[in-house]
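What follows is a set of notes on a single structure, which appears directly below.
Computation of the quantities below employed the complete heavy-atom set of this structure, encompassing side-chain atoms and omitting hydrogens, waters and symmetry-equivalent molecules.
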Amino acid sequence: TGRGEAPLPFWYQIHKVMAGLLDMHRYCGNQQGLDVARRLGDWACAGAAEVNDESFQEMLAIEHGGINEAFVALHARTGDPKYLKLSLRFNHKAVIGPAMKRIDALNGLHANTQFPKFIGAGRQYEFTCDESLKTAAEFFWQAVVRERSYCIGGNSDGEMFTPKKTLSCALGPSTCETCNTYNMLRLTRRLFALDPRAEYADYYERALWNHILASQNPENGMMCYYVPLKTGCAKGRLNPTGFSTPEDS
């Protein structure tokens with residue numbers, strides 16, 4: 001912007017648009033949704049071609065949603081390999097790279113930024129048969145579920161991954177961001193489709209019942225952003241974020 005502000009999460013927004021277009025085609029049979037998605041994909045391919053790999057990776061330090069998953073989904077729908085190639089360029093090496101080597105480098109990272117990267121990696125594996133992508137997705141799941149999750153299946157404190165060795169000390173009013181668990185369920189479903197293990201099904205049940213459903217107001221279906229686990233904290237009006245409302249949350 002030229003005024004010292006951080007750049008907007010541009011690709012994060014493009015991912016949401018792309019996902020909506022593809023859903024319109026998949027669930028509603030709307031051909032126009034796919035046509036517009038392809039044009040958006042072509043536009044992204046042309047723009048990405050102008051950026052070298054080093055600068056591209058620097059760009060990915062900003063939250064960019066599941067844009068890698070969006071383009072591999074477009075490849076799956078159209079069969080055009082250029083969208084798969086673009087999807088792979090959107091893999092954030094600083095985060096996915098360590099997971100490929102089974103290294104947990106998550107301390108201090110903004111938690112929900114990371115989940116979509118691995119959902120995309122798992123989807124990419126289906127079309128590339130690159131075992132390192134599958135390893136990354138599986139290891140991330142294991143690191144988060146086995147060592148970074150609370151009893152209800154949620155994770156993070158104040159949106160951040162805290163040191164796993166002191167997880168029991170990270171029990172504040174802002175634990176268990178609901179967005180994280182939603183994305184973990186999506187990743188779990190992807191991994192279960194590749195390898196239907198009981199551990200995946202057990203986690204899915206635990207997180208769905210104890211976090212996702214518990215985050216909803218039974219009176220009107222509204223949700224809370226966090227499910228606080230600190231003693232004395234409560235959901236709803238006593239929660240700093242409170243339950244959402246239909247129009248102004």
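Within the model, atoms NZ of Lys82 and CZ of Phe71 stand 11.0 Å from one another, a figure rounded to the nearest 0.5 Å. Asp42 contributes atom CG, which lies 10.0 Å from atom CG of Leu86 (distance to the nearest 0.5 angstrom). Here Met160 contributes atom CE and Leu106 contributes atom CG; the two are 11.0 Å apart, rounded to the nearest 0.5 Å. Taking CG from Leu167 and OG1 from Thr175, the interatomic distance works out to 10.0 Å, rounded to the nearest 0.5 Å. A distance of 11.0 Å separates NZ of Lys101 from OG of Ser132, quoted to the nearest 0.5 Å. With values rounded to the nearest 0.5 angstrom, Asp80 atom CG is found 11.5 Å from Lys85 atom NZ.
Crowding of Lys93 atom NZ: a count of heavy atoms from other residues, nucleotides or ligands under 6.0 Å not exceeding 12. Other residues, nucleotides and ligands contribute over 12 non-hydrogen atoms within 6.0 Å of the CD atom of Gln31. Within 6.0 Å of CZ on Arg189 lie no more than 12 heavy atoms contributed by other residues, nucleotides or ligands. Within a 6.0 Å sphere centred on CD of Glu205, other residues, nucleotides and ligands contribute 12 heavy atoms or fewer. Heavy-atom neighbours of Glu131 CD from other residues, nucleotides or ligands within 6.0 Å: above the threshold of 12. By the neighbour-count criterion of 12 heavy atoms within 6.0 Å, atom CH2 of Trp43 is densely surrounded, having more than that number from other residues, nucleotides or ligands.
Contacts of Phe192 classified as side-chain contact (heavy atoms from CB on, under 4.5 Å), with partners at least two apart in sequence or in another chain: Pro196, Tyr200, Ala201.
The hydrophobic clustering, which links ILVMFWY residues whose side-chain heavy atoms are closer than 4.5 Å, places Met100 and Ile103 apart. Hydrophobic clustering (ILVMFWY, side-chain heavy atoms < 4.5 Å, transitive): Ile67 and Tyr125 are in distinct clusters. Hydrophobic clustering (side-chain heavy atoms under 4.5 Å, transitive across Ile, Leu, Val, Met, Phe, Trp, Tyr) groups Ile119 together with Trp141. Hydrophobic clustering keeps Leu208 apart from Leu229 (ILVMFWY residues linked when any side-chain heavy atoms are closer than 4.5 Å, directly or through intermediates). Under the 4.5 Å side-chain contact rule for hydrophobic residues, Tyr182 and Tyr225 do not share a cluster.
Between Lys134 and Asp195 no salt bridge is recorded (no basic side-chain N to carboxylate O distance below 4.0 Å).
The shortest heavy-atom contact between Tyr83 and Cys45 is CD2-SG, 4.0 Å. In this structure, Ala70 and His15 approach most closely via the heavy-atom pair CB-CD2, 3.8 Å. Scanning all heavy atoms of the two residues, the minimum distance from Arg89 to Val51 falls at NH2-O, 2.8 Å. Between Phe243 and Asn217, the shortest heavy-atom distance links the atoms CE2-N, 3.5 Å. Asp157 and Gly172 get closest at one heavy-atom pair: OD1-N, 3.7 Å. Contact record, Ser149 with Val144: OG-O, 2.7 Å, taken as the closest heavy-atom pair.
Leu74 has its side chain within reach of Thr78: a pair of non-hydrogen atoms, C-beta onward, lies under 4.5 Å apart. Phe161 places a side-chain heavy atom less than 4.5 Å from the side chain of Asn155. For the pair Leu34 and Leu21, the minimum side-chain heavy-atom distance is 4.5 Å or more. Contact annotation: the side chain of Tyr226 never approaches that of Thr178 to less than 4.5 Å [non-hydrogen atoms, C-beta and beyond]. In this structure, Arg102 and Phe140 have side chains that are not in contact, with every pair of non-hydrogen atoms separated by 4.5 Å or more. Between His25 and Leu22 the shortest side-chain heavy-atom distance does not fall below 4.5 Å. Between Arg146 and Glu199, some side-chain heavy-atom pair lies under the 4.5 Å cut-off. Under the 4.5 Å side-chain criterion, counting only non-hydrogen atoms from C-beta, Leu88 is in contact with Asn91.
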Under the side chain to side chain contact (heavy atoms under 4.5 Å, CB included) rule, what do Cys176 and His211 come out as? Steps first, then yes or no, please. CA-CA 8 Å; Cys176 297; His211 186 184; 3.7 Å; yes
As a quick check of understanding, evaluate side chain to side chain contact (heavy atoms under 4.5 Å, CB included) for Glu63 and His110, giving each step before the final call. CA-CA 9 Å; Glu63 186 171 12; His110 181 253; 4.0 Å; yes
Show the numbers, then the answer: is there a salt bridge (Lys or Arg N to Asp or Glu O under 4.0 Å) between Asp104 and Arg148? CA-CA 11 Å; Asp104 184 334; Arg148 293 182 175 278; 3.1 Å; yes
For Arg190 and Glu126, what are the C-alpha separation, side-chain angles and deciding distance, and is it a salt bridge (Lys or Arg N to Asp or Glu O under 4.0 Å)? CA-CA 10 Å; Arg190 177 66 54 198; Glu126 298 177 15; 2.8 Å; yes
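Annotation: cation-pi pair Lys117/Phe115 absent, no NZ/CZ under 6.0 Å from the ring centroid and within 45° of its normal.
Ser174 and Glu159 form no side-chain donor-acceptor contact under 3.5 Å, judged by distance and modelled atom types alone.
A donor-acceptor pair is defined here as one N or O able to donate and one able to accept, closer than 3.5 Å; such a pair exists between the side chain of His64 and the backbone of Ile62. Remark: side-chain polar atoms of Ser244 are paired, donor with acceptor, to backbone N or O of Met223 under 3.5 angstrom. Checked by atom type and distance alone, the side chain of Ser215 never pairs as donor or acceptor with a backbone atom of Cys224 at under 3.5 Å.
Under the salt bridge (charged side-chain N to carboxylate O under 4.0 Å, His left out) criterion, the residue pairs touching residues 171-186 are Glu69-Arg186, with sequence neighbours excluded.
Between Phe139 and Phe118, the ring center distance fails the sub-6.0 Å criterion.
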